[in-house]
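As the structure is a prediction and not an experimental result, all values here were calculated from the model. Remember, it's 1-based here, ligands and their atoms both numbered in the order they're listed. The analysis underlying the following values was restricted to heavy atoms, covering all of them including side chains, and did not include hydrogens, waters or symmetry mates.
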Amino acid sequence: LRQQWLDRIKSAGDSASIEEVRLAALGKKGEISLKMRELGRMSPEERQTTGRALNELRDEIDAALRARRASLDDAALEARLAGEWLDVTLPGRTRPAGTIHPVSQVTEEVTAIFADMGFAVAEGPQVETDWYNFDALNIAPEHPARQEHDTFFMHRAPDDDRPPHVLRTHTSPVQIRAMQEQGAPIRVICPGRVYRMDMDQTHTPMFHQIEGLAIGRDISMAQLKWVLEEFFSAYFGTRVKTRFRASHFPFTEPSAEVDIQCSWNGGALKVGEGDDWLEVLGSGMVHPNVLRAGGIDPNEWQGFAFGMGIDRIAMLKYGIPDLRAFFESDLRWLKHYGFVP
Ligand code: PHE
């Protein structure tokens, strides 16, 4: 009997069959338990010897069951460890690190240069009322600039009486907001997204501008020229001359378009040398009507303003021929220009 049970225990291969064997031997209706119950019908002598033998057998079976269970658990653990082992000497799996978008990198760079000259950053909404985008900037409702700007107008239901909104076509409305919020004097730059219906090699419907505004009692065009030359020299890392050409913007008087000195050497553009010129921004002295719209008295204050395309000066610095590539997120392109390691 003993050997029979021990063999059954040995051949139990998992915890369920061990439990089966345990019930068959020691359970309420197990063979050993039933035999023990029979002790009552035996004579005292018989009971003593059989009883002791049954007790020993029960203990032995119990111990054998425990031992079998323990060894199965060990084996299971072994198997798990063997399956889950980790070779810590394997080389790591590298994940490519993300980087800041080139336009954001250039925006930060430009902002830092102007910050060194005492300009704070101001921001405004990209969905702007047409008052801020046009009227406050001295662009009358019938002014052709509204059409020239290829404006995206927000759709309005006929009974909607909120003021008309547009996607801002330039960062100049932030001039007005800055004036209203801060009053004079002011020295701010306003970087941000702007929108125009235009798409070719050098235009995307969304692009980036940075606006500059300085208002004080004796701000002059000479200071504008100094600030811009300092900026371009710092940005391109070489002394850069600027050329002012008379121009027209409704929000500045006088107005100037600004070119930077460059050379086209066998198709390769070099900024800061040679005797070619490249147009990079619009600027001028803030128009009295614009100061008034911003709540500033033009008899007491005057200022300069400029607006420049961030993507454009990024293209110039990195020799990028196509603006659209900036917004395509093509990894090969980003790597080629060193924007991604
Ligand atoms: N807002 C003008 C543009 O988008 C640029 C500009 C800004 C010109 C400030 C003069 C003064 O073309």
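Note: F119 and F304 have tilted aromatic rings, judged against thresholds of 30 and 60 degrees for the angle between ring planes. Using cut-offs of 30° and 60° for the angle between ring planes, the H143 and H248 rings count as parallel.
Heavy atoms of S283 found under 4.0 angstrom from ligand 1 belong exclusively to the backbone. Contact annotation for F251 and ligand 1: only side-chain heavy atoms (C-beta onward) come within less than 4.0 Å of the ligand. Contacts between R196 and ligand 1 below 4.0 angstrom, taking non-hydrogen atoms only, involve the side chain exclusively.
Seen from the ring of F152, R196 does not count as a face-on cation partner, given the 6.0 Å and 45° thresholds.
By the 4.0 Å N-to-carboxylate-O rule, K241 lies too far from E229 to be salt-bridged with it.
Geometrically, ligand 1 and T252 share no nitrogen or oxygen pair separated by less than 3.5 Å.
Counting the atoms of ligand 1 from 1 in the order shown, those under 4.0 Å from a heavy atom of S172 are 1 (N), 7 (C).
Within the structure, the closest approach of Q209 to ligand 1 falls below 4.0 Å when heavy atoms are considered.
The backbone N or O of K29 sits nowhere less than 3.5 Å from a side-chain atom of S33 that would complete a donor-acceptor pair.
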